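Here's the structure we're looking at; comments come further down.
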There are 4 protein chains.
Amino acid sequence: MAGSVNKVILVGNLGKDPEIRRTQDGRPIANLSVATSESWRDKATGERKEKTEWHRVVIFNEGLCKVAEQYLKKGAKVYIEGQLQTRKWTDQSGVEKYSTEVVLQGFNSNLTMLDGRSGGGGGNFGSDDSGSDFGSSGPSSAAPRRAVAAAGARNSDMDDDIPF
Amino acid sequence: MAGSVNKVILVGNLGKDPEIRRTQDGRPIANLSVATSESWRDKATGERKEKTEWHRVVIFNEGLCKVAEQYLKKGAKVYIEGQLQTRKWTDQSGVEKYSTEVVLQGFNSNLTMLDGRSGGGGGNFGSDDSGSDFGSSGPSSAAPRRAVAAAGARNSDMDDDIPF
Amino acid sequence: MAGSVNKVILVGNLGKDPEIRRTQDGRPIANLSVATSESWRDKATGERKEKTEWHRVVIFNEGLCKVAEQYLKKGAKVYIEGQLQTRKWTDQSGVEKYSTEVVLQGFNSNLTMLDGRSGGGGGNFGSDDSGSDFGSSGPSSAAPRRAVAAAGARNSDMDDDIPF
Amino acid sequence: MAGSVNKVILVGNLGKDPEIRRTQDGRPIANLSVATSESWRDKATGERKEKTEWHRVVIFNEGLCKVAEQYLKKGAKVYIEGQLQTRKWTDQSGVEKYSTEVVLQGFNSNLTMLDGRSGGGGGNFGSDDSGSDFGSSGPSSAAPRRAVAAAGARNSDMDDDIPF
DNA sequence: TTTT
DNA sequence: TTTT
């Protein structure tokens, strides 16, 4: 079908450090566990309640994987924009299971840090995925500010000098 | 946790008619099956591919249930705004399963018809849920335009005559 | 027309403290000035560039006005969800001007604090607007957590004990 | 600043045909005029009211300009995702004016047709902007389905064969 | 006018 | 299971 939209927007915190693995042909995939919560006062009892929802986030976008690996840690607050995707798999005992994930892949994905942990500051990272030196970045001591610049470079087609 | 956002935005088509059921205390719950699709041309083979994602949508909001029951049909195109929620349940053979759904409940939910089937025209239905005559609406022959008006009435606090 | 959606989502920082005023009949209106920024490296020159966009945000929703007044300060980071609205006005020299604003009013508006300034923590504030004791809250020394609870109470119809 | 989000989502109808012009260096720019409307019943008088908001949409993205030129017409229903941007300009009598626009440029922009006018069908067009044969497309008699395919090709990095 |  |  055409003419459809599938978009998820989350603002939440990482429940643990990102997990990065690689496909057989070397592409990185990052998995995030993101919590969102709501709190409200129960109408009947008056007591305060809170409910936390955990989201499984999967990043296929190379540039965003790099960001996740270098800058995100357990507890980090992030803005995430991706798509809903349900995957079918079979567990070790042969039972079919379904897993619904928020997938960041291709255009219209976004990952933005919203807190300035570890001396850095939030960074906005698009999804052009043209940067591909993931894994070759040497000593990952790069300062956040350079990272922002590098990420910005990937999106350099966004904004440059349009005369009109 | 506070300071979080959990939002899903879908534009897609119903795979079948809405299913409406009721809680023990009489509140309606509507289930929609919504398809979103993407198509692209495979870089390697050049062939055209298409992938459809099915979304399970659950509406707790009374007014929106009413809209779903009265106006939505298999094939209808809708705009949906809700939250991601994963539910755990146990199947008949005792296996634990998880189901992730797009839930429309409370504020910040939306359901809007995007096609003008049956002579009507898309309608925008908010989520105030103050209307509660669901089920008592008599002969459901109401014309879509009246429905829009009725739905609008539920949101009458939106817009009226703010002097400034 | 029916079947339309008008939604703005911002994550940004307040350029100054919120400004609160009142309509003749006593309803509060809050104005926020919110900055969003993008940075990128210029493809040609290689230099780092940054562009800031300022958004005029107007809150008609009583509960959200209260939140703005009590908890938001210059520099605060916020998540905002509202609608685009363009207003025509005439300046003192009789020239017609247009002002486009992000309006928070009625359902489908949201204001969430994303930083934990003043010992608090971000709070998620919906838009039911049923709370109306704005202005009578006495010594505004209320701790953020109580505020979250109070705000949550306004949304208590969101979530309570749906059996299914 | 980093860590910010500036996003507009519209579903509305074109008030007139798209206007396409070109920069001095040949890049296309499309302008759309998009209407969104709300209707509600006035609480006091009980009468039905409707308010239409007009949005000025500017597309810098080459691929999306092409889509606009080839497939969008007055009355078309579209899903639009872009950014808010306010531009300052001086009119012929020297008065400074501001114009706020919804800009589609770079990643995280989207334009999707939601109705199947002229025998076609809605199309989903991303924002990779790597296609650049705009203007050279010869007899613009291309059928919508081919256009969808072409647009899909621009996003062919989205989805292909990720083994994991 | 913010933030990094 | 939809839609194109």
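Since this is a predicted model, take the numbers as computed values, not measurements.
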For this session: Looking only at non-hydrogen atoms, find the nearest pair between C/Pro28 and C/Cys65 and report the distance.
Result: O-SG, 3.5 Å

Exercise. B/Val11 and B/Tyr79: which non-hydrogen atoms are nearest, and at how many Å?
Worked result: CG2-CD1, 3.8 Å

Can you check the [X] [atom1] to [N] [atom2] distance for me, whole Å?
{"X": "C/His55", "N": "E/dT2", "atom1": "NE2", "atom2": "C1'", "answer": "11 Å"}
{"X": "C/Tyr79", "N": "E/dT2", "atom1": "OH", "atom2": "P", "answer": "25 Å"}
{"X": "C/Leu114", "N": "E/dT2", "atom1": "CG", "atom2": "P", "answer": "19 Å"}
{"X": "C/Lys49", "N": "E/dT4", "atom1": "NZ", "atom2": "P", "answer": "24 Å"}
{"X": "B/Met113", "N": "F/dT2", "atom1": "CE", "atom2": "C1'", "answer": "17 Å"}
{"X": "B/Leu14", "N": "F/dT4", "atom1": "CG", "atom2": "C1'", "answer": "16 Å"}
{"X": "D/Asp115", "N": "F/dT4", "atom1": "CG", "atom2": "P", "answer": "11 Å"}
{"X": "C/Leu72", "N": "E/dT2", "atom1": "CG", "atom2": "P", "answer": "16 Å"}

Problem set entry | Sequence-distant partners of B/Glu53, salt bridge (Lys or Arg N to Asp or Glu O under 4.0 Å), two or more places apart | none

For this session: Could you list the residues that satisfy salt bridge (Lys or Arg N to Asp or Glu O under 4.0 Å) with A/Glu96, not counting sequence neighbours?
Result: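 Counting only residues at least two positions away or on another chain, A/Glu96 forms a salt bridge (Lys or Arg N to Asp or Glu O under 4.0 Å) with A/Lys88.
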
Problem set entry | Closest nucleotide among F/dT2, E/dT2, F/dT1 to the B/Ser37 side chain | F/dT2

Exercise. What nucleotide among E/dT2, F/dT2, F/dT1 has an atom nearest to a side-chain atom of C/Asn13?
Worked result: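 Selected nucleotide (nearest to the side chain): E/dT2.
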
Exercise. Does the side-chain ring of B/Trp54 sit on the six-membered ring of the F/dT1 base, less than 5.5 Å centre to centre and under 30° in tilt?
Worked result: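 According to the criterion (under 5.5 Å, under 30°), yes, B/Trp54 stacks.
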
